[in-house]
S.K.: 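The structure's right below; bear with me while I get my questions together.
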Amino acid sequence: MLKYFLNKLLLFGATFIGISLLTFSLVRMIPGDPIEAMVGERGVSPEFRAQLEKSFGLDLPVHQQYFHYLSNTLQGDLGLSLVSQRPVTEEFFDRFPATLELGLMSLFIAMLIGIPLGIVAAVKRNTVFDYSFMGLSLVGYSMPIFWWGLILILFSSINFLHLPFLGWTPVSGRLSPLFEIPNHTGFLLMDAWFSEEGAEAFWDAVRHLLLPAIAMATIPMATISRMTRSSLLEVLGENYVQTAKAKGLGTFRVIVVHAFRNALIPVVTVIGLSLGSIITGAILTETIFSWPGIARWLVTSVMARDYTVVQGGTLLIAMFIVSINLGIDLLYLGIDPKLRSKSAG
Amino acid sequence: MLAKLLIYKKRIHDLWDSGALDFVHSFVQNKGAVIGVCIIAFYILVAIFAPFLAPHSPEKIFTGQYTLPPLWMEGGTSQFIFGTDDLGRCLLSRLIFGARISVGVGFMVALFAFFVGTILGLVSGYFGGWVDQVIMRVTDLLMSLPSILLSIVVVVILGPGIFNAVIAVAIVKIPNFIRLVRASTMAEKNKEYIVASRTFGASHLRQIFINIFPNILAPLVVQTTLTFSDGILDIAALGFLGLGAQPPTPEWGTMLSDAKNYFIAAPWFVIMPGLCILFVVLGFNLLGDGIRDAFDPRLKK
C-alpha cells in the first residue's frame, strides 16, 4: 500500500518536472520578443532594454533560466503577468472558481440528463426510445461546441423566434452589474446566496450560469449516457439480476438497486475523466459567453504573447488535471477491494 | 462457361462461410453505420464536384447585396439560395467549397496522426525498454495538457494558417494512437506465430510491419475514423478563434467567427456553417461506431 502511494507520488513529481520543462520550452518557441510584448511596439533604448532583460533573467543561458524558473515555481512564484503586472498565481486563483463553478454545474446537468437517458435506453433496448436517445447523444457529441453556444444564445437569449417562455437568459458574464456581491469564495452562487441581495442575486447568477453550463454539458452528457447504457446492458444479463427478477421484485427495484449500482463503476470513470476535461470544454465556452474564467484568460494571454501567464497558467492547469487523475486512482483503491489487494502485494 | 461460373459461385460461398464477410454483413445491418457512410459519401461528392455545384465563385463579392436572407425567408432571391454573407458573397457556394477544406483537413489530420502515432506505437510496444519509456513519458506529458490548449499554443508558435492548424491538431492526436498501438502490439508480440516467425529468423522490420501490423488494424481503423471527426471539429474551432484558415478561405469555422458579429441581422449565417460541421462529424462518428460494433465479437448474436 505504502509502496503504491510512494510510486504515485514519484510519478507526480516526475510529471511536474516534465510539464514545467515542456511549458518552458514551448513558450520560448513562440515567435516574438517578451520585452516588446511588455513595452509595446515602440521599443525602448538599448540600455533600458538590457536593464529589463537583466531584471527578468533573460540575459542568462537558457538552462540557467529554466532552473531559475523551476526554483521560483517550487516556491510558489510563477512571475508577473507581462500585461497586468500582477502575480500569475494571483490572477489564476482569482479566475479559477469561475471555471470550476461552470464546470461543476455542467457536469451536474450532464449527469442529471445523461444517466436517466442511458438507463431508459438500456432497459428499452432496440426500441424507439433507445434509438432516439442514443441518436440524440451522438448528435450532441458531434456538435461543434462553439456553434452550439451561439445557437443557444440565438434561440434562448436573443430569442429571435420570439417564443414566449424564452429570452430570460443573459448572453455574457457571471452577474448583472446591478448587484454588488462581496467576494468571499469566488463561487458566485454561494457568495450571492449569502449576500444582502440574497435570493434575487442568486437567481441572477443562475440565469447567467445556465446557458454556458448547458453548452458545456453536451459532450459529457453524451459520453455519460452512452456509458450508462452499455454498462447497464452488460449487467442486465447477469445471473443475480435474473435472480432478483425471479424473486418477484419490481422492475424499478431490480434496475435501480440491483443492476445500476453494479453498472456504476465505468460511469464513475467517465465522470472523473469529464472532470479532467473541464478545461478543454471551457476554452471555447468561456470565449463565447465572455465567462471570466481561466480558460478564456489563457487564450487571450496566448494571443497577447503574455509569456509568463502562458507558461505558469498551463503548468497550473496541467497540475490540476494530473491531481484529478491521481485522485481518481486513489478513489478506486477505496471502491474496488480487488485493486487494493493487488497494489498491496 | 457454366462450369466456370459455378466455380466462382462456390468461391463466393466459401468466402461467406469462412467468416471473412461477417464484418461486411454485420456492418451493413447496422443502420447507423449505413447512414454514416451515406453522409460521408455525400460530403465527398460535394467536395469533388464543388466547382460544378456552386452557383457562384466562393470569393466573388456582389457589391450592395450584403447579408441577404435565404430563398425561403422574406426578401430572399433565387440567385442566392442560402443568402449572402457580410461581404456579399454567396453563402451556398462558400459552404460547398468549405466541404473541400473540411474533408481535406480531416483526412490530413487523420493520416498524419495515424502515420506518426502508429510507427511510434509499434516501436514502443515491440522493442520495450528505454525506447518505450521515453516515448510513453512524452505521451503522458502531452496527454496531461488540454488538447485544444496545446493546439492553440502550437499554432501560435507556427503562425496561423490552415496547414499549421493541421499540424497542431495532428500533434495532439498522436498520443491516442501511440497508446492504442502500443497496447495492441504488446498483446500481439508474444503470441505463437510471432515467436515461430522469430525462430525462422524474421527481421524486426518484418515482424513489425508484416506480422504484427495487419493484426492490430481493427481498433486502429476505428481510432482513425474518430480522429477524422475530431480533426474536423478542432480545425473548425481553431478557425473560429482566428487561428485556422484565414479569410477569404471558405472554411466553416472561420465563417462562423465572421458570422457571430451578424447574429441578430443574419441568424441563418450562423446556423448554416455549424450544421455543415455537425453533419460531417456525425457521419464519421456513426461510421466509427459501426466499424467498432462490427468488429466486436461480443455483439454478434
Side-chain angles (χ1 to χ4, degrees), chain A residues 11 14-15 18-19 21-23 26-32 131 134-135 138-139 141-151 153-155 157-158 160-161 171 222 226 234 276-284 287-288 295 298-299 302-303 305 310 313-315 317-322 325, chain B residues 31-32 35-36 137-138 140-160 229-230 232-234 236-237 239-243 252-253 256-257 259-260 263-265 267-268 270-286 289 298-299:
Chain A
L11 201 65
T15 318
I19 291 172
L21 198 59
L22 183 71
T23 49
L26 276 178
V27 163
R28 259 141 205 85
M29 275 155 44
I30 295 178
Y131 291 137
M134 286 305 108
L138 199 64
V139 169
Y141 189 73
S142 309
M143 204 119 62
I145 194 170
F146 49 97
W147 176 73
W148 178 223
L150 291 175
I151 293 295
I153 293 176
L154 197 58
F155 280 90
S157 300
I158 297 174
F160 86 115
L161 293 178
V171 178
R226 281 158 66 97
E234 226 153 84
S277 61
I278 280 181
I279 309 288
T280 310
I283 283 177
L284 291 163
T287 306
I288 292 161
L298 261 184
V299 173
V302 175
M303 309 275 191
R305 307 278 193 278
V310 177
T314 318
L315 180 70
I317 283 182
M319 289 332 284
F320 168 70
I321 294 173
V322 174
N325 291 342
Chain B
K31 284 196 199 76
I35 295 173
R137 289 296 81 80
V138 175
D140 286 346
L141 279 187
L142 288 179
M143 281 187 125
S144 64
L145 292 173
S147 61
I148 184 89
L149 182 64
L150 196 57
S151 303
I152 291 174
V153 173
V154 174
V155 172
V156 169
I157 291 173
L158 297 173
S229 60
D230 263 12
I232 291 174
L233 270 184
D234 285 5
F240 182 74
L241 292 172
L243 295 169
W252 295 328
L256 270 173
S257 92
K260 70 172 190 289
F263 232 134
I264 301 164
W268 64 89
V270 177
I271 295 172
M272 299 292 183
L275 281 180
C276 292
I277 303 172
L278 170 60
F279 278 109
V280 72
V281 173
L282 183 65
F284 279 107
N285 282 339
L286 282 169
D289 275 7
R298 277 183 308 171
L299 293 171

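Keep in mind that the numbers below use all heavy atoms, side chains included, and drop hydrogens, waters and symmetry copies. Each chain gets a letter, A, B and so on, in the order its sequence line appears, and its residues count up from 1.
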S.K.: If we only count heavy atoms from C-beta on, is the A:Ile153 to A:Ile288 side-chain gap below 4.5 Å?
M.R.: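 Yes, side chains in contact.
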
S.K.: Heavy-atom cut-off 4.5 Å, strictly under: side chain, backbone, both or neither for B:Asp289 against chain A?
M.R.: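 Contact with chain A: side chain only.
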
S.K.: With chain A as the partner, which of B:Gly32, B:Ala237, B:Ser147 has the greatest number of non-hydrogen pairs under 4.5 Å?
M.R.: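 When all of B:Gly32, B:Ala237, B:Ser147 are compared, B:Ala237 has the most.
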
S.K.: Is it the side chain or the backbone of A:Leu26 that comes within 4.5 Å of chain B heavy atoms, both, or neither?
M.R.: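 It is both, since atoms from each part get that close.
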
S.K.: Atom CG in B:Leu275, atom CG in B:Leu282: separation rounded to 0.5 Å?
M.R.: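 Going from the CG atom of B:Leu275 to the CG atom of B:Leu282 covers 11.5 Å.
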
S.K.: Taking the side chain as every heavy atom from C-beta outward, state whether A:Leu138 and A:Arg226 have any pair of such atoms under 4.5 Å apart.
M.R.: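 The answer is yes, as the side chains (C-beta and beyond) meet within the 4.5 Å cut-off.
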
S.K.: Is there a side-chain contact between B:Asp140 and A:Leu11 in this structure, where contact means two heavy atoms from C-beta onward sitting under 4.5 Å apart?
M.R.: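 With C-beta onward as the side chain, the pair stays apart.
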
S.K.: When you look at OH of A:Tyr141, are more than 12 heavy atoms from neighbouring residues, nucleotides or ligands closer to it than 6.0 Å?
M.R.: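 Counting neighbours around OH of A:Tyr141, 12 or fewer heavy atoms of other residues, nucleotides or ligands fall under 6.0 Å, so no.
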
S.K.: Give, as side chain, backbone, both or neither, the part of A:Ile19 having an atom under 4.5 angstrom from any heavy atom of chain B.
M.R.: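 Both parts, backbone and side chain.
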
S.K.: Report which part of B:Ser229 has an atom under 4.5 Å of a heavy atom belonging to chain A: side chain, backbone, both, or neither.
M.R.: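 No part of B:Ser229 comes within 4.5 Å of chain A.
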
S.K.: Please determine, among A:Ala318, A:Gly18, A:Pro144, the option with the most heavy-atom pairs under 4.5 Å with chain B.
M.R.: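 The option with the most such pairs is A:Pro144.
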
S.K.: For A:Val299, is it the side chain, the backbone, both, or neither that has a heavy atom closer than 4.5 Å to a heavy atom of chain B?
M.R.: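 The side chain, not the backbone.
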
S.K.: Between B:Leu150 and chain A, which part of the residue has a heavy atom less than 4.5 Å away: side chain, backbone, both or neither?
M.R.: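 For B:Leu150, the contact with chain A is made by the side chain alone.
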
S.K.: Chain A: which of B:Ile277, B:Val156, B:Val154, B:Leu145 shares the most heavy-atom pairs with it under 4.5 Å?
M.R.: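 Winner by heavy-atom pair count: B:Val156.
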
S.K.: Quick one: pull up CG in A:Leu154 and CH2 in B:Trp268 and give me the separation to the nearest 0.5 Å.
M.R.: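 It is 11.0 Å, given to the nearest 0.5 Å.
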
